Number of protein chains: 2
Amino acid sequence: MELRHIRYFLAVAEERHFTRAAQRLGIGQPPLSHQIKDLEREVGTPLFHRIPQGAELTEAGRAFEAGVRQIPGLVGEAVVAAQRAAAGETGRIRVGFTGSAAFNPRVPQAIRIYRRRFPDVELSLAEHNSIGLVEGLKNGSLDAAFLRPDAVDKQGLRLFHLADEPLIAALASARMPHGEPIRLEQLAEDAFILTPRALGPTLFDATLEACRRAGFEAILGQSAPQVASVLALVAAELGVALVPESMRDASFRGVTYHDLTGNAPKVALALATRNDEQAATVAAFVAEARFPSEAEPG
Amino acid sequence: MELRHIRYFLAVAEERHFTRAAQRLGIGQPPLSHQIKDLEREVGTPLFHRIPQGAELTEAGRAFEAGVRQIPGLVGEAVVAAQRAAAGETGRIRVGFTGSAAFNPRVPQAIRIYRRRFPDVELSLAEHNSIGLVEGLKNGSLDAAFLRPDAVDKQGLRLFHLADEPLIAALASARMPHGEPIRLEQLAEDAFILTPRALGPTLFDATLEACRRAGFEAILGQSAPQVASVLALVAAELGVALVPESMRDASFRGVTYHDLTGNAPKVALALATRNDEQAATVAAFVAEARFPSEAEPG
DNA sequence: AATCTCGATATGTTTTAGGTATGGGGCGAA
DNA sequence: TTCGCCCCATACCTAAAACATATCGAGATT
């Protein structure tokens, strides 16, 4: 049995007339009669009473109709669902981000607007360090990741550059007035709080390189796994830290931020995907992150 | 799109492998690839990622699968439903009966056993006079009817003879000892309670003919629309009545039944259907009424 | 580097859907 | 009652398409 038989059967059942049903189907009456007969042979029983005025359903025909009536609609819905999924309007996307990337306003904004434009896409978020993000992309547990790209393994990944952020100094509040710029050399005697290089090499390398360019070798203090804990250690006066500028929006009790004078070191913010990524959901997400749409409603 | 495309798609989706799916489907791999490609062209998007190990669903493919997975099962169920309906195991049957026929034990027994054997057939019952039953059969509002056939219009109907019942006399209790036989001539001076001939001619004609054969012309008393009301009038001592023997099982306060001596008049009990009836439910019902199955369980 | 696996492509054959012409039965009008 | 119309079934033919066989090419594995 094929969908054709079902469509033809339903047409005859509705028209109660072979000739009219054939016209509606755009075929001749003889092939329609033939197909219905094939169907009846396969089901094993007549589905129509042929009467002089046309045809009417047998009891078996009524039972069959009740069973197959919805099928053409189901097929159509399945096609539409597939097309919507292909257009990235349904499905899912798993997005990762590093602790520091989450504070750049472009990251939450991209997520917010994407969810608004594609409300039927199931979006899940996960915070990891850079190494974990790259691993997640490669093993398929993540589809896209906001990260600091400079020092990660780019093999098999596609990186979309989103922003360059100057680093700023995070000091314990007692050190100097809030907001006042600072020269990096002033921190030559301070311990630097850093995340372990194995977890997130970019900020680690950028900090040491900046100090080197300022004429001194940074003193390494405590290490902390995430940006938030770095700031906690700074607040506890265990040392100082260089953080991306966007961290300024996240005020942290006991920590003051200070621009670095001179040409401040910069770290990049990028969005990474697998370079063989094909999902339309991911493509749409990348597009939104790279080229934010005009404005958010409301 | 045809069911073939859906079946092939589901096979590949399940096997994640074109060649294995083709083997399972009993066709070659090239035509399977071709059909899947046709389907993808019609849907407008790829449904599988071709990978060196076989194939895996795209997001669109997953959405499509969710929509069509149930369809082959639905088709199978529809076929089974049609076959069951053709076998008379589902559907409906509308059975009518006259007031007097309902008291013959074969009638309720046939209905009871039929319902037990075909519990999924919707059976509706309606009591009418003979004229109403015949009209119901002819206009399609009834499928079968238990009635007294002798004097009805048999045009377009098929009658199955079930029983010949002797008539017995129904008298007011005061008249004579319960159960004692009576000669019809003893009722020559009594008024006969009858249903109007226009509603049920058989018992009417049988009664008058019996009296005529016994040598007198029956005196017509009150008329009553149904057997039960006839007995009520008898109990009220407004006259006597001849009723089918099976009425004896329905004792009625104030009425005694008496066999008629000599060769008692008889009325037939029959089951009527349209003579162009084709429904399997009706055929099964007729079979059960004509040839009762062995015994009722329990 | 060689081989193996797996899907895609090319080509021919066979099945089958659909078109055209015609037959046959039943109903209604004359 | 007969003629004519309506409707589905049958017969036959054509054209499309499903499937088989043979082969290719890409990618992975050894």
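The sequence lines fix the lettering, A, B, ..., with proteins before strands; numbering per chain opens at 1. Just so it is clear, the structure is predicted and the values come from calculations on it, not from any experiment.
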**Request:** Kindly say if K37(A) contacts the phosphate of dC8(D), meaning a side-chain N or O under 4.0 Å from OP1 or OP2.
**Result:** no
**Asked** So, Q83(A) and T45(B): side-chain donor and acceptor under 3.5 Å apart, yes or no?
**Response** no
**Those residues that, when tested against H161(B), pass side-chain hydrogen bond (donor to acceptor under 3.5 Å, both in side chains) (two or more places apart)** = D164(B)
**Request:** May I have the distance from L25(B) (atom CG) to dA20(D) (atom P), rounded to whole angstrom?
**Result:** 10 Å
**Item:** R84(B): side-chain contact (heavy atoms from CB on, under 4.5 Å) partners, not counting sequence neighbours
**Value:** V80(B), E89(B), T90(B), D120(B)
**Asked** Among residues 11-24 of chain A, which residues get a heavy atom nearer than 4.0 Å to DNA chain D?
**Response** H17(A), F18(A), T19(A)
**Prompt:** Out of dT10(D), dG7(C), dA9(D), which has the shortest distance to the side chain of R50(B)?
**Reply:** dG7(C)
**Item:** Residue list, side-chain contact (heavy atoms from CB on, under 4.5 Å) with E42(B), at least two apart or on another chain
**Value:** M1(B)
**Asked** About how many Å separate CG of L123(A) and CZ of R115(A), when rounded to the nearest 0.5 Å?
**Response** 6.0 Å
**Item:** Whole angstrom value for the distance that separates P of dA20(D) from CG of L32(B)
**Value:** 10 Å
**Fill in**
By side-chain contact (heavy atoms from CB on, under 4.5 Å), A21(B) pairs with (sequence neighbours left out) A11(B), V12(B), E15(B), L32(B)
**Message:** Under the rule for salt bridge (Lys or Arg N to Asp or Glu O under 4.0 Å), what residues qualify as partners of R69(B), not counting sequence neighbours?
**Reply:** E65(B)
**Distance, rounded to the nearest Å, where E56(B) contributes CD and dG7(C) contributes C1'** = 14 Å
**Request:** Spell out protein contact along nucleotides 25-30 of chain C as letters: B when the base is contacted, S when just the sugar-phosphate is, - when no protein heavy atom is under 4.0 Å; keep the 5' to 3' order.
**Result:** -SS---
**Message:** For dA9(D) and S33(A) - does any side-chain N or O of the residue sit under 4.0 Å from the phosphate oxygens OP1/OP2?
**Reply:** yes
**By salt bridge (Lys or Arg N to Asp or Glu O under 4.0 Å) - contacts of R50(B) (at least two apart)** = E40(B)
**Item:** Pairs where residues 139-148 of chain B contributes a residue and the test side chain to side chain donor-acceptor pair (under 3.5 Å) is met, not counting sequence neighbours
**Value:** R94(B)-D143(B), S100(B)-R148(B), N139(B)-S141(B), D143(B)-R274(B), R148(B)-E165(B)
**Message:** Just to verify, what does R197(A) make a salt bridge (Lys or Arg N to Asp or Glu O under 4.0 Å) with, not counting sequence neighbours?
**Reply:** D205(A)
**Message:** The criterion is salt bridge (Lys or Arg N to Asp or Glu O under 4.0 Å); which residues satisfy it with E14(B), sequence neighbours excluded?
**Reply:** R24(B)
**Fill in**
Counting primed atoms, P, OP1 and OP2 as sugar-phosphate and everything else as base, the B/S/- map of nucleotides 13-20 of chain C against protein heavy atoms under 4.0 Å is ----SBBB
